[in-house]
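Along the sequence shown, residues are numbered consecutively beginning with 1.
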Amino acid sequence: MSHAEMREPPAPEPPRELVPPTREDAVAVAGSEVLGGPLGVRALTGRSWWKPVRVIALVMIGMFALGMVQKAPCYEGGWFFGTGTQYTKACYSDIPHLYQGRGFADGLVPYFDRLSGDMEYLEYPVLTGVFMEVAAWLTPGDGSIQHQERWYWMVNAGMLLVCAVVIVVSVARTHRRRPWDALLVALAPALALTATINWDLLAVALTAAAMLMWSRSRPLAFGVLLGLATAAKLYPVFLLGPLLILCWRAGRLRPYAVGLGGAVGSWLVVNLPVMLLAWDGWKKFYVFSQDRGVDFGSIWLVLSREMDEPFSTDTVNKLATGLTLLACLGIAAFALTAPRRPRFAQLAFLVVAAFILTNKVYSPQYVLWLIPLAALARPRWRDFLIWQACEVAYFLGIWMYLAYTTSEDKHRGLPTDGYHFVILVHLLGTLYLCAVILRDILWPERDPVRRAGDDDPSGGVLDGAPDVFVLGPAARPARHAAPAPHEPPVHWGASEDRQADPYAPPPPEDAGTGPAPRGPWDHGPSSP
């Protein structure tokens, strides 16, 4: 028997410890007093049925149910009798109104059958239209139209609840050591309030699942899910931009190409049949988005009402598109010059937020796009709750404003100046969270995820990868990042539980078995 055969196999590495928020977040510590206080240092975790993912899923179901209860005044009659109650009670939803308004009550086929109202065809992307049609099939067709609309909302709520659970489970599993960060999503008040206004949770769930697949270094599954998400809502396609920049900086363009191919392929599978057989119906979503004028919630609405000659729709389209592209270019430049490569979730939040801030319309449910990204990008309760407070203020403000405009001379609700104020509150809240995330990118030692010892747990093939292309200060010799006063140094790098990267380039021929050399990408302090 040779010496190599007698050598004992290496012992498996123990799993890395989960990061409990009560050991690093002051707000989480204060909130835990309701349940008996923070987790003790001698507490035994992982030995009970109450795993983090299960607890978080149950919390999500409970919060979703509370959101449904909040819609009870409209369910009992506010959607059907008069317009004031659904605004004064802040329980409006598009779902029951569009059951008849978009032909589902009459059995019309979306995109193929022309509608009789002011909208010729269904103005939603194809996969969302399929979701709406499936809910219509499950809705009982007997009874009054009000009875059917109630059932239609209830069926959609059940299907959207499944989407909500998929979102929190995906977020909990994306950062393997930080499952409790998904509580930010489950307890988000804006999610409970807006979950059943429209069908956005479908696209959000597919996007969250796509990010989970990317974190597991499965680019094809990521691309397929992201393409399906884009077939349900437009915003998920924006995630491909920051991912390209990060893969370019890390030299991981091959997995990016695989993901891009999967996204294009799945999008075509969903859209191509409708494009070929019902072109006019398919393009309605894109034509409507282009022709739609300045609408609720946008900075353009505030500007248009303060100007003597408001911008035309065409001008706003050009300005909004230009500002979005300018913001994306700025984010790309920031990502390529940052001292440490930003995390995928950070750039994803910034790009989607840039689109929201510059868009010509902001519906209350658009906040759902950002909630999972915020939990992954900045898992700190204080900053998250500040932002959520601003979004809840806007949620109440838009309904009170609509109550004011529909109450005629009674003037019940929020006047125009007050509504403009809550628009600015929403914008400032989103900008605040963007600023905090940008600070984390510029000073990585302030990033809660990297302070816990990880590099980019949502990055998949990017996690722990060295940089191959950087610009500006990042291209100069490494400069160690100084820790904040009275705080321990930060040690980030490859995640210990990350699987081997099949796309990583081979090591140099003269590579030894010692520790990897420190390069210009490593800006963390040396290990003691």
- Message: Going by the rule side-chain contact (heavy atoms from CB on, under 4.5 Å), which residues pair with Val69 if we only count those two or more places apart in sequence or in a different chain?
- Response: none

- Heavy-atom donor-acceptor pair, Ser215 side chain to Ser458 backbone, under 3.5 Å: no

- Query: Which atom names give the shortest non-hydrogen contact between Ala229 and Thr207, and what distance separates them?
  - Reply: CB-OG1, 3.5 Å

- Message: Restricting to ring pair (Phe, Tyr, Trp, His ring centres under 6.0 Å), what partner residues turn up for Phe222, sequence neighbours left out?
- Response: Trp214

- Ion pair check, Arg178 and Asp181, cut-off under 4.0 Å: yes

- Is there side-chain contact between Asn198 and Leu368, with at least one heavy-atom pair below 4.5 Å? no

- Query: Given the side-chain rings of Tyr362 and Tyr394, with only the six-membered ring counted for Trp, is the space between their centroids under 6.0 Å?
  - Reply: yes

- Message: Which heavy atom of Ala190 sits nearest to which heavy atom of Gln388, and what is that distance?
- Response: N-OE1, 3.0 Å

- Query: Which residues pass the salt bridge (Lys or Arg N to Asp or Glu O under 4.0 Å) test with Glu76, sequence neighbours left out?
  - Reply: none

- Can you list the residues that meet the salt bridge (Lys or Arg N to Asp or Glu O under 4.0 Å) rule with Asp314, with sequence neighbours excluded? Lys318

- Sequence neighbours left out, what passes side chain to side chain donor-acceptor pair (under 3.5 Å) with His426? Give chain and number order. Glu391

Taking only distance into account, with no hydrogens and no angle test, what donor-acceptor pairs under 3.5 Å do side-chain atoms of residues 162-174 form with protein atoms, sequence neighbours excluded?
{"residue": "Ser170", "atom": "OG", "partner": "Val166", "partner atom": "O", "Å": "2.8"}
{"residue": "Thr174", "atom": "OG1", "partner": "Ser170", "partner atom": "O", "Å": "2.6"}

Under 3.5 Å donor-acceptor pairs involving side-chain atoms of residues 95-105, not counting sequence neighbours:
{"residue": "His97", "atom": "NE2", "partner": "Gln86", "partner atom": "OE1", "Å": "3.0"}
{"residue": "Tyr99", "atom": "OH", "partner": "Gln148", "partner atom": "OE1", "Å": "3.1"}
{"residue": "Arg102", "atom": "NE", "partner": "Glu123", "partner atom": "OE1", "Å": "2.9"}
{"residue": "Arg102", "atom": "NE", "partner": "Glu123", "partner atom": "OE2", "Å": "3.3"}
{"residue": "Arg102", "atom": "NH2", "partner": "Glu123", "partner atom": "OE2", "Å": "2.9"}

- Contacts of Pro73 that satisfy side-chain contact (heavy atoms from CB on, under 4.5 Å) - sequence neighbours left out: Lys89, Cys91

- Query: How about Trp137 and Glu133: does a side-chain donor come under 3.5 Å of a side-chain acceptor?
  - Reply: yes

- Message: Treating Asp454 as the side-chain partner and Asp456 as the backbone partner, does any N or O pair qualify as donor plus acceptor under 3.5 Å?
- Response: no

For residues 283-294, which side-chain N or O atoms pair as donor and acceptor with protein atoms under 3.5 Å away, sequence neighbours left out?
{"residue": "Ser289", "atom": "OG", "partner": "Phe285", "partner atom": "O", "Å": "2.8"}
{"residue": "Arg292", "atom": "NE", "partner": "Asp295", "partner atom": "OD2", "Å": "3.3"}
{"residue": "Arg292", "atom": "NH2", "partner": "Asp295", "partner atom": "OD2", "Å": "3.2"}

- Row check, Phe349 ring normal vs Arg378 NZ/CZ: under 6.0 Å, within 45°: no

- Message: Under 3.5 Å, is there a donor on one side chain and an acceptor on the other for Asp383 and Tyr432?
- Response: yes

- Would you say the side-chain atoms of Tyr111 and Tyr124 include a donor-acceptor pair closer than 3.5 Å? no

- Looking only at side chains, do Thr315 and Ser312 share a donor and an acceptor under 3.5 Å apart? yes

- Residues at least two apart in sequence or cross-chain that pass side-chain contact (heavy atoms from CB on, under 4.5 Å) with Leu246, listed by chain then number, are Arg341, Pro342, Phe344, Leu347, Leu462

- Sub-3.5 Å donor-acceptor pair from the side chain of Asp447 to the main-chain atoms of Val449, do we have one? yes

- Arg114: partners by salt bridge (Lys or Arg N to Asp or Glu O under 4.0 Å), with sequence neighbours left out: Glu120

- Identify, with sequence neighbours excluded, every residue that meets salt bridge (Lys or Arg N to Asp or Glu O under 4.0 Å) alongside Asp94. none

- Message: Once you measure the plane-to-plane angle for Tyr401 and Tyr419, does it fall in the parallel (<30°), tilted (30-60°) or perpendicular (>60°) bin?
- Response: parallel

